[in-house]
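Taking it in order: structure first as structure tokens, then the write-up.
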Amino acid sequence: MLHGIDGSVRTLCLDLDTSKARKTVVDDDAQHLGGLLRTAGLAYVEDESPSGGRHLYVPLQEPITAAEARQLVEALGHRAISLDPSPHQNVVHGCIRVPGSAHKSGGHQRLITPFTDAYGILTRRNPASSVANLRTALAPELHRLEQQRRTQARAEAATADVQTIARGSDAASSGNESPLRRTARTGLYDTSRYASDSEARMAVLTHFAACHWSLEQVRTGMAGQYAGLAALYGAKAERLLPLEWAKAQAYTATWTPAKIPTQRTGKKTAHKYDTSPTSLTGGSPTTAPQQGLQLSQSSIHQLVNDLENVLYASLDSQLMERGREGIHLRFLLRAVLAYMRTMETNILDVGCRTFALALGKSHATIARLLPVLEQTSAGLLTRIDRGRGKNADTYAVQLPEQFQQLARELTWRKGKIHAVRPVFRVLGDVSALAYEAIERGHRSPTTADLTRSTGISRRALTDHLAGMEALGMIRRHHGRWEIVATTNLAQLADRLGATEDREAQLTRYRKERAAWHAWLDRHLTPQLDEHELYDAEADEYWQPPIGDEYEHQRALWNAA
């Protein structure tokens, strides 16, 4: 049994189960978790079951509560897909099969750690300082669990349904995960759908190719969270991966919107919620209003540089006065400039869902904010064409005359302008503003400097700065905040669950857009009546040629 009479835990038990992932994934997870524990200063005892599973035992000098133990194990579960947190999720019946125990499939648990070393580890046990180091290393995962708990609590409070029981962390972490992503993580797949490992990994590669991944991204994922895909290859990955990736890319290159399934039988998907004609997507077909507004590529980049200076020097302070809506508008304007630089044009026909994906918000919110931004941008953003059918509203971006003198006086800054980076989908807009202010500052700012530049209250700013400091994104040095350059924001987004959230939103929008396009094709395509296909009064018999042509053919016939 893992819990004492008072519910306390003296030993953390990590159960790596082959029912949750392939044995190679289990072995990789055991090695990865072992390295994480050793880095935190925690010694552990390891054993192996006849089925290929692993157990890691972490004895503690000071007992911790069942809730703390569950929190740590669930956080470790986000780092190792094969980790089963259920033994620590049940205070009454949580148990583990210890070394030497008989296994239900035959054989016994085999101790991997040398016996004398295991005896010393279980005798001395691990100090509380090492457990604190582990908490620091798992800060992103612990933050993710806390956000999931709060979201679930709000959902339960809204529904007022006491029978809505909290789901386990494994379900929470994979509820929005596609089956192919889970196959890539665990190496397990539906044998009724895929007959062999080859078919399963080709399905995974096709999924990644459809998501516009590169071969290097696939290789990086196989060395990290997608170890299950590496397990499907075994030792043949180096030889087969480039060949199969080329096949997957060639296959997805032939896809057309007509081949993408738009709806299931018996279900209507075109008019659910706010996905009907009120919100349009795509590009505008009208080119007349755009004539004379297009600029060269070099002029576009210079214009974006000027607009960035105007944004940070003037517009930001004006939008601060609009409260929470002003924060959304500031990031929406950043997204406009980011797309403008990427697409190298000042004529943008970007849909609401595309902006929503870049900002981590609902497309309905973007549809409400765009007209407000047009009114408050002082002529910087102007709509020049309305969206129709598959096309979005078209906007022209230009430098208003009242800002031209300001733009000439300011020096262009280095650095890339961002909308909302994936990691801030979890941390929030306040954290994004604070991080941007630290990143783009001429010198390391103090908390008071950040309060003035962002327009956020000091109390709210302090909480968000402390959260980012705990995640290792920033640090405080002599009272000033600095960016920790060694922290990879993309990897941090993966650990916080922001990447999965973005992928789920992208998948949802693709389905909604395909359903909307299918509805347009069914209802707006001209339908031909029967009389347009067949004219009963038309002469269908053969008429002989006239004049000399008839005489010539008659002579040929007589000769024959």
Sequence neighbours excluded, the answer for salt bridge (charged side-chain N to carboxylate O under 4.0 Å, His left out) partners of R368 is E325
Mind checking salt bridge (charged side-chain N to carboxylate O under 4.0 Å, His left out) for R495 and listing every partner two or more places apart, or none if nothing turns up? E141
Among all residues two or more places apart in sequence or in another chain, which pass the side chain to side chain donor-acceptor pair (under 3.5 Å) test with E401? none
Applying salt bridge (charged side-chain N to carboxylate O under 4.0 Å, His left out), name anything that partners R452, two or more places apart in sequence or on another chain. D449
Taking only residues two or more places apart in sequence or in another chain, which ones pass side-chain contact (heavy atoms from CB on, under 4.5 Å) with H301? R341, E344
Filter on salt bridge (Lys or Arg N to Asp or Glu O under 4.0 Å), then keep only pairs touching residues 205-218, sequence neighbours left out; what's left? E216-R219
Taking side-chain contact (heavy atoms from CB on, under 4.5 Å) as the definition, give me every residue that meets it alongside I483, ordered by chain and number, with sequence neighbours left out. Y435, I438, E439, I474
Output all residues satisfying side-chain contact (heavy atoms from CB on, under 4.5 Å) with E321, sequence neighbours left out; order by chain, then residue number. none
Applying side-chain hydrogen bond (donor to acceptor under 3.5 Å, both in side chains), which residue pairs with at least one partner in residues 454-477 are found, sequence neighbours left out? R475-E482
Set of residues satisfying salt bridge (charged side-chain N to carboxylate O under 4.0 Å, His left out) with respect to R135, sequence neighbours excluded: none
Under the side-chain contact (heavy atoms from CB on, under 4.5 Å) rule, collect the residues that match up with V426, sequence neighbours excluded. H143, Q147, L496, A498
Does anything in residues 307-343 pair up under ring-ring contact (aromatic ring centres under 6.0 Å, His included), and if so which pairs, sequence neighbours excluded? Y339-F355
